[in-house]
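In what follows, a structure is listed as structure tokens, so that the remarks can point back to it.
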Amino acid sequence: MNRTPRSSRRRATAALTGLALLSSLALSACGASPASGKTTLTFASFGGAYSEAQKKAWVDAYTKANPDVKIVMDSPVDQAKIKAMVESGNVTWDVVDVNGDFGLDSHKALLEPIDCTVVTTCDAPSPGMTNSKYRVAENVTTFAVGYDADRFETEPTSYKDFFDVDTYPGKRGLWKLASGGALELALLADGVAPDKLYPLDVDRALKKLKTIEDNIIWYDSPPQGEDILASGEATMVLNFAARPYDLATRLKKPTKILWDAHIDLGSYLVVPKGSKHADEAMKFIAWVTDPAHNAEITKHYPLGPGSAAALPKADKSKAEWLATSHADTGVGQDDQYWDQNFGSVNDKFQAWLTK
Amino acid sequence: MVDQVVLTGHRPATSVGRPGLRRPRVNGWALLVLPGLIFTLIAFGWPLAEVLVRSFGGEGAAHNYSVTFTTPAYRSALVSTLLTSAAVTVSCLVIGYPYAYLMAMSRRTELLLALILLPIWTSFLVRTYAWQIWLQDTGVINTTLQKLGIIDDPLELIRNRLGVTIGMTGILLPFAILPLYTVMRRIDRELVRAAENLGARPSVAFRRVFVPLSLPGVYSAALLVFVLALGFYIAPAILGGTSSPTLSTVIVDKVQRELDFHTASAIGITLLAVAIVVLTLGSRVVRIRDVFGGGAP
């Protein structure tokens, strides 16, 4: 997922992005000169509250422990930008936070291999996560159905209720992105066994979606998905779990999540090919994914740790909101499948939507 | 012709039938044009050339350029882009024409001008979100109408072409009003008065004298708005639904999701070609340089 909950903040932070880019350029220029004596790493992430959480969880602690390293954060991440940087030979990002659909073997031309003599969790990501030669799992997020508890006489109890608009009236929000979870949810609700989910039976999923098509609001980005639930336009929305969490905790809305099925996906760390500080980047990645530090993120944002050994250290007070606390009902999104099929599935999906 | 104008700084003499006899002399001041020219080449020419080159790469030009027409999703996006642009053009003209007329006739021209120019300084993004707040099912318009008992179910004002058209009209309206006003301002009002003196009713004088004289402005405004509307991304993304995809959205998907720069470039060039065709056809009824604020006839 390129536009994770956080990437979509790009719009809100559009103005800042230019500024951040400029300053990161200026700073990385300084970092390159040996006279400064400091290495400057540029860590690109998705911005907003998510980047803020990463800063509190890892960046601040790392630079405190390593005074000779300075970390500049940049946002938003755009896979196309990584490609453009590598192709033009002007790589300004050293560590990049990417989604499950990036960092597989098909992107080997764009990435440095992870140095598993430095990074210790290459073989031990959290369940459902897929590390590769070029990436390490950093955290776990999920697509889950959030609902407005005040809008129903009896509260829904199952993700299958998403498709029951008679008992649970109101519109349903789904992301109009092929890999945004809608197809997976439809197939699960139609009775497909989780282990038989992939390869997706797209026609069957579309047929299931058609049963409630008049009630679906297809949103364009996760923040928009959050908006339609907040404004009451929709009563149930499939979105990144961080979105209903935001509504419930920050905006104090009666928002809850149906945890009995959710589609998990990871955020991974990669190093663009040609990074001038690849060695230093590996050390930072090792710190972040180290089970001793990896669960720190759970204190600041509703994401599960990406390293299996860090799972027990997740913040107990946030447990309800973490996909990793509901691992038994989670279905891992198949990154390999989406990597190979996004184009064709998306074309079909978009054509169906337009009808 | 154009080169000569640029290099000599004055219009070439009317050398009908004998071009080339007068060789333009390069004036020293003409060198001032160089920074602008170089900037344009670097900032527009070079990237465009890159896009063009990329559009031939990957699986080849034939594949890249045919997908727009052979893939149902892209084909409908192309059609939908054209329809949306046409709808925006019509609504901009319908709203813009009377407003421009008012501007041309009023003594408060500056005030009316400020009213349409001020919003330009507010971000497109913010204004588009503002439209969302007005148009959505639980938005200002629908809740007000529901409270007044005029409607029961919310009107579908958003996530369809209507929403996109409303939002884009709000943004592109100044680009219709300005060329209309430029032309209307120069219409000799004595002509309308003369028609009235000769017995035409005001409505007839307006229709048979003023309107025909203002047509160059209408063509200019239509051309400008239509071409600008072709490439809009924000408004269709936020206010549009699944029934009105645009090519700009398809391009973003291609670039950001599939990292397929080649096909994305080809679709971009296709969109550019559409704009060029429209401008070429338009140039038969209106001089292109007049569209962008040049002298009116």
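Labels below follow one simple rule: chain letters A, B, ... track the order of the sequence lines, proteins then strands, and each chain is numbered from 1. A quick note: this is a predicted structure, and the numbers were derived from the prediction, not measured.
- Note that NZ of A:K81 is 10.0 Å distant from CD of B:Q256, once rounded to the nearest 0.5 Å.
- Rounding to the nearest 0.5 Å gives a distance of 8.5 Å between CG of B:L259 and CG of A:D101.
- We find the CG-CG distance between A:D347 and B:D253 to be 9.0 Å, quoted to the nearest 0.5 Å.
- Only the side chain of B:S76 comes within contact range of chain A, with heavy atoms under 4.5 Å apart.
- Within the 4.5 Å cutoff, the side chain of A:I228 has heavy atoms near those of the B:R159 side chain.
- Only the side chain of A:K171 comes within contact range of chain B, judged by heavy atoms closer than 4.5 Å.
- Residues B:Q136 and A:S231 form a side-chain contact, since some pair of their non-hydrogen atoms from C-beta on lies under 4.5 Å apart.
- Residue B:E59 qualifies as open at atom CD: its count of foreign heavy atoms under 6.0 Å is 12 or below.
- With rounding to the nearest 0.5 angstrom, the OG atom of A:S88 is 9.5 Å from the CD atom of B:E50.
- For a residue to count as touching a neighbouring chain, one of its non-hydrogen atoms must lie under 4.5 Å from one of that chain's; by this rule A:E87 touches chain B with the side chain only.
- Of the atoms belonging to A:L110, it is side-chain heavy atoms, and not backbone ones, that fall under 4.5 Å from chain B.
- Of the inter-residue distances, the one linking A:S221 atom OG with B:I238 atom CD1 reads 7.5 Å to the nearest 0.5 angstrom.
- Heavy atoms only, all atoms of each residue included: A:S179 and B:R257 are closest at OG-NH1, 4.5 Å.
- At a threshold of 4.5 Å between non-hydrogen side-chain atoms, the residues A:W352 and B:T242 do not count as touching.
- Residues A:A351 and B:A73 approach most closely at N-CB, 3.7 Å, considering heavy atoms.
- A:N346 touches chain B through its side chain: at least one heavy atom from C-beta onward sits under 4.5 Å away, while N, CA, C and O do not.
- Atom NZ in A:K176 sits 7.0 Å away from atom OG1 in B:T249 (nearest 0.5 Å).
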Worked verdict on A:Q350 versus B:V250 for side-chain contact (heavy atoms from CB on, under 4.5 Å): CA-CA 10 Å; A:Q350 298 302 335; B:V250 173; over 6 Å; no
